[in-house]
Amino acid sequence: MPTTKTLRLTFVTSDNKKASINVPEAAGDLEEVQVRDAMDKIANANVFERKGVDLYTKAQSAQYIERTTTSVFDDSKSM
């Protein structure tokens with residue numbers, strides 16, 4: 001059963017909603033200060049916008065999401 005780990009960075013948008021960035025295969029041992037610093041840089045860059053809304057204006061949270069995949073069957077190897 002393969003397990004994948006993704007770092008989800010959640011921000012507050014300029015219209016006070018949530019927007020996230022998912023980083024697959026991120027280092028699994030990042031500390032809070034490292035992640036906050038990276039998120040602050042993304043927010044301060046002010047380069048992500050959609051329909052007049054700035055997407056990443058303030059860091060809100062960060063968490064690792066682990067996903068385990070259990071195969072029921074896989075015929076792709078026989079093709």
Side-chain angles (χ1 to χ4, degrees):
M1 291 188 285
T3 299
T4 58
K5 194 177 222 180
T6 300
L7 179 62
R8 176 175 291 156
L9 309 175
T10 303
F11 295 83
V12 177
T13 66
S14 63
D15 63 349
N16 208 33
K17 294 183 180 177
K18 292 181 185 180
S20 296
I21 299 173
N22 293 320
V23 183
E25 300 181 32
D29 58 352
L30 297 173
E31 295 184 13
E32 179 181 347
V33 67
Q34 294 171 293
V35 176
R36 279 188 183 273
D37 183 54
M39 291 178 76
D40 287 344
K41 287 179 182 175
I42 291 169
N44 292 333
N46 199 27
V47 296
F48 297 99
E49 179 188 306
R50 181 177 33 205
K51 297 182 182 178
V53 175
D54 294 327
L55 295 179
Y56 311 118
T57 61
K58 181 181 176 192
Q60 183 178 63
S61 66
Q63 56 271 132
Y64 285 105
I65 309 296
E66 291 187 37
R67 185 173 117 183
T68 302
T69 304
T70 305
S71 181
V72 175
F73 71 91
D74 185 356
D75 289 341
S76 65
K77 295 176 181 150
S78 63
M79 294 181 172

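What you see below is based on every heavy atom in this structure, not just the backbone, and it leaves out hydrogens, waters and symmetry mates. If you read the sequence from its start, that first residue is 1, and numbering goes on from there.
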If you define the side chain from C-beta out and look only at heavy atoms, does anything of Thr4 sit under 4.5 Å from Thr69? no
Under the side-chain contact (heavy atoms from CB on, under 4.5 Å) test, residues paired with Lys51 that sit two or more places apart: none
Identify the residue among Glu31, Glu32, Met39 that makes a side chain to side chain contact (heavy atoms under 4.5 Å, CB included) with Val35. Met39
May I ask you to decide whether Asp40 forms a salt bridge with Arg36, counting only side-chain N to carboxylate O separations under 4.0 Å? no
Less than 3.5 Å apart, which donor and acceptor atoms pair up between the side chains of residues 56-68 and the rest of the protein, not counting sequence neighbours?
unit_1	atom_1	unit_2	atom_2	d
Thr57	OG1	Val12	O	2.5
Tyr64	OH	Ala27	O	2.5
Tyr64	OH	Leu30	N	3.3
Thr68	OG1	Thr3	OG1	3.1

Please name the pair of heavy atoms, one in Asn22 and one in Pro24, separated by the smallest distance, quoted to 0.1 Å. O-CD, 3.4 Å
Testing the basics here: between Gln34 and Asp29, what is the closest heavy-atom pair and its distance to 0.1 Å? OE1-O, 4.3 Å
Residues in side-chain contact (heavy atoms from CB on, under 4.5 Å) contact with Val23, at least two apart in sequence or another chain: Leu7, Leu9, Ile21, Ala26
